[in-house]
Amino acid sequence: MMAVAAAQKNREMFAIKKSYSIENGYPSRRRSLVDDARFESLVVKQNKQTVLEEARSKANDASLEECIQQAKGEHVPAEQNVELQDAQPSLELPAEEEYAPVESFETEATIESRAEQPPADDEVPTKNDYGLTEDEIVLANAASESTEAEAAVQGAALVVRLKEGISSLGRILKAIETFHGTVQHVESRQSRVEGVDHDVLIKLEMTRGNLLQLIRSLRQSGSFSSMNLLAENNISVKAPWFPKHASELDNCNHLMTKYEPDLDMNHPGFADKVYRQRRKEIAEIAFAFKYGDPIPHINYTEVEVKTWRSVFRTVQDLAPKHACAEYRAAFQMLQDEQIFVEHRLPQLQEMSDFLRKNTGFSLRPAAGLLTARDFLASLAFRIFQSTQYVRHVNSPYHTPEPDTIHELLGHMPLLADPSFAQFSQEIGLASLGASDEEIEKLSTVYWFTVEFGLCKEHGQVKAYGAGLLSAYGELLHAISDKCEHRAFEPAATAVQPYQDQEYQPIYYVAESFEDAKDKFRRWVSTMSRPFEVRFNPHTERVEILDSVDKLDTLVHQMNTEILHLTNAIQKLRRPF
C-alpha cells in the first residue's frame with residue numbers, strides 16, 4: 001500500500017510540474033481559450049527570440065558569403081563592398097547606430113512613432129552583430145533553401161536614415177546598381193529624428209542573395225543611422241504566420257496539454273492506465289494524418305459505445321424542447337441517414353461526407369485540445385478539427401476537454417446548417433493574421449457563441465452552443481432563471497471572463513443567427529489587421545486582398561454572380 005501511495009504521489013508531482021496551467025499561474029481545472037492563446041503567445045515569443053539569437057550568432061561567426069551561397073551569375077565580389085565602408089575599418093556596428101525596426105512607411109506618423117521607440121529586447125544588436133531584423137532572417141532562410149531560391153528575384157523596400165544629408169542617396173543608388181538591383185521607387189523627406197538628416201524609402205527588385213549583401217554593406221557604412229528592410233506589398237512579415245491553403249493545416253496541430261489524462265491529476269482518466277494508452281493510440285493516428293488522406297477508421301470498444309449511448313439518449317430527450325430549430329432539423333437529417341444511431345459511434349469520415357454535401361464543411365482528426373490560433377484558422381477553410389477519442393466512462397455527461405461525443409452531438413448538426421456554417425467560417429477568417437490580443441477576443445466570442453450560445457425563437461430562449469447541447473446539466477442551467485442572460489454584443493462579449501468547471505453565470509443571447517453575423521462583421525471591421533482576406537472555395541486557398549489587380553478580379557467575379565442572380569429574378573417575374 002505504501003508503494004502504491006508513493007507512486008500516486010509521484011504521478012501527482014509529475015502532473016503539477018508538467019501542467020501548463022500550473023506553470024502560468026491559473027488553476028489547473030480552469031479552461032479558457034483566452035488562456036490557451038495567452039500561453040501560446042508566450043511560447044511563440046520565446047521561440048522567436050531563440051531563432052533570432054541563433055541567426056544573429058551565425059551572422060557573427062561567419063561572413064554573409066558563408067551564410068548565403070553565391071547567387072548564380074549574380075554574385076558581387078566582396079571587394080566591391082569597400083566603397084560603402086567609408087572610414088569604418090571595423091565591421092562592428094557602433095553603439096550609437098543601434099536601430100529601431102520600422103514596419104511601415106505608409107504614413108509619416110508611423111515612422112516618427114517607430115523612431116521614437118527604443119529597440120525591443122530581442123532586437124537590439126549585440127557587440128559584433130550586424131543587426132539582422134526578423135524580416136532579414138526570414139529572407140535569409142528563404143534564400144538558403146536552394147541555389148534557385150537564392151537567385152530568385154525579390155521585391156523589397158528599404159528605409160535608410162541618412163546622417164550626412166541627401167547627397168548620400170547617390171551612393172546608395174550606386175550600391176544597388178553594383179548588386180544588380182532595379183530601383184522601382186524613391187521617396188525622401190527630412191527626418192525629425194535627432195542626428196538624422198533625411199529618411200529615404202527605396203523600393204527595388206534584386207536577387208535574394210544580393211539583397212542580403214546590399215543590406216550588409218549599407219549597415220557597415222557610417223553615413224547611415226539605420227537601415228531596415230520592409231516586407232513586400234507593405235505587409236510586414238512579422239505578422240503571425242497563417243495557412244494560405246487547406247494543406248497547410250498540417251502545420252496547425254499544436255496542442256494545449258493541460259487536460260491530458262497523463263498530466264492532469266483531476267482528469268477522470270488520470271488513474272486509468274488502459275484509458276491513457278487508448279488515448280495515446282488515437283492521438284498518434286491524428287498526428288499522422290495529412291491533407292488529402294482519408295480519415296482513419298476507429299474501432300470503438302463496447303465501453304466507448306456504452307458511453308456514447310448514454311449521452312445520445314439524453315440529447316434525444318432534451319433537444320426537441322430546448323435546442324434551436326436549426327439544430328433539431330440537422331439532428332433529424334443525421335438520424336434519417338443512419339449516421340446518428342445509438343448502437344454505434346459515427347465515424348468522422350461519414351460525418352465529413354455529410355457536412356461537405358450540405359455546407360461544404362469537412363473534418364480532419366485532432367489529437368486533443370488545440371491552441372486557439374490553430375483551431376480558429378481551420379474554420380477559415382470550412383474545416384473543423386475534431387477529436388476521435390471518447391470521454392472516460394466514469395464521467396459520461398461531462399468532460400474537461402473536447403471529445404468525439406462533444407464534437408458529434410454538439411458541433412456537427414449546426415455545421416450542417418448553411419447560416420451557422422457561414423458564421424463559423426467568418427470567425428476563422430477573422431483570426432488569420434490577427435494579433436495575439438485579438439485572437440484572445442475572438443476565442444472568447446467563439447466560446448460564448450459556438451460553444452455556449454443561446455438565441456431567441458418565438459419568444460423563447462433556445463440553445464445552439466455545442467457545450468450546452470452535449471452536456472445536459474449546463475443546458476438546463478442555461479435556460480433557467482439561475483443565470484444572467486445578456487444581449488449578444490461582440491465588443492462586450494469579447495472581454496467577458498469565463499471558465500468551464502462550473503456553470504457559466506452569464507450567457508449571451510442572439511436575436512437570430514443573422515443578427516449575430518451582422519454584429520460580428522461590424523466588430524471585425526474594427527480589428528487592427530492591415531489587410532483583408534477571402535476564401536476561394538475553388539482552390540481551397542485564402543487570398544490576401546492587398547493589390548488593385550486582386551480586387552479587380554474579385555469585382556469581376558462578383559459582377560458575374562450578380563448578373564446570374566438578376567437573370568434569375570427576371571425569369572421568375574415573367575408571367576406564365
Side-chain angles (χ1 to χ4, degrees), residues 32-34 36-38 40-41 104 106 233-236 238-244 249 252 359-361 370-384 411 414-415 417-455 464-465 486-498 508-537 541-547 550-551 554-555 558:
S32 165
L33 286 174
V34 174
D36 293 350
R38 185 175 294 112
E40 175 202 4
S41 301
S104 175
E106 294 181 356
N233 298 326
N234 287 331
I235 295 177
S236 174
K238 294 176 186 174
W241 176 89
F242 59 87
K244 307 297 193 306
L249 292 177
C252 296
T359 61
F361 252 89
L370 296 172
T371 59
R373 190 180 291 278
D374 281 357
F375 177 77
L376 294 177
S378 66
L379 298 178
F381 299 87
R382 293 212 170 205
I383 293 176
F384 188 93
H411 287 287
L414 279 173
L415 287 177
D417 177 78
S419 180
F420 191 83
Q422 176 67 22
F423 177 67
S424 298
Q425 184 180 28
E426 290 188 26
I427 294 178
L429 287 169
S431 77
L432 300 181
S435 67
D436 294 332
E437 293 76 14
E438 288 165 341
I439 288 291
E440 293 181 15
K441 292 180 178 180
L442 284 167
S443 300
T444 306
V445 170
Y446 184 90
W447 180 267
F448 282 112
T449 55
V450 179
E451 290 291 354
F452 289 94
L454 298 171
C455 64
Y464 71 88
R486 296 180 183 177
F488 174 63
E489 292 292 342
T493 304
V495 295
Q496 177 63 43
Y498 65 88
Y508 288 89
V509 184
E511 294 296 324
S512 65
F513 285 151
E514 291 304 317
D515 178 66
K517 285 165 59 178
D518 290 342
K519 290 179 178 177
F520 178 78
R521 290 189 187 107
R522 289 195 294 270
W523 175 66
V524 166
S525 68
T526 66
M527 294 173 61
S528 63
R529 186 177 62 184
F531 54 87
E532 289 295 328
V533 299
R534 70 179 290 265
F535 176 67
N536 187 327
R541 184 173 295 279
V542 166
E543 299 170 351
I544 301 176
L545 303 179
D546 59 354
S547 70
K550 291 180 181 179
L551 293 175
L554 179 57
V555 169
M558 293 177 64

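Since the structure is predicted, the reported quantities are computational estimates derived from the model, not experimental observations.
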statement: dist Phe361:CZ -> Arg382:CZ (nearest 0.5 Å) comes out at 6.0 Å
query: Is the shortest heavy-atom distance from the side chain of Val450 to the side chain of Ile427 under 4.5 Å?
result: yes
task: Quick one: sort the His411 and Tyr446 rings into parallel, tilted or perpendicular, breaks at 30° and 60°.
output: parallel
- request: Over all heavy atoms of both residues, which pair between Arg529 and Leu429 is shortest? Give the atoms and the distance, please.
  value: NH1-O, 2.9 Å
task: Give the minimum heavy-atom separation between Pro243 and Leu432, together with the two atoms involved.
output: CD-CD2, 4.4 Å
- request: Show your working on salt bridge (Lys or Arg N to Asp or Glu O under 4.0 Å) between Lys550 and Glu543 and close with a plain yes or no.
  value: CA-CA 9 Å; Lys550 291 180 181 179; Glu543 299 170 351; over 6 Å; no
- request: Check whether any side-chain heavy atom of Ser424 lies under 4.5 Å from a side-chain heavy atom of Leu415, and answer yes or no.
  value: yes
message: Check the orientation of Phe242 and Phe531. Use parallel for under 30°, tilted for 30 to 60°, and perpendicular for over 60°.
response: parallel
query: Going by heavy atoms in the side chains, are Asp436 and Arg373 under 4.5 Å from each other?
result: yes
query: With distance as the sole criterion, is a donor-acceptor pair present between the side chains of Glu440 and Ser443 under 3.5 Å?
result: no
- prompt: Are the aromatic ring centres of Phe384 and Phe375 under 6.0 angstrom apart?
  reply: yes
message: For the residue pair Gln496 / Thr444, report whether a side-chain donor-acceptor contact shorter than 3.5 Å exists.
response: no
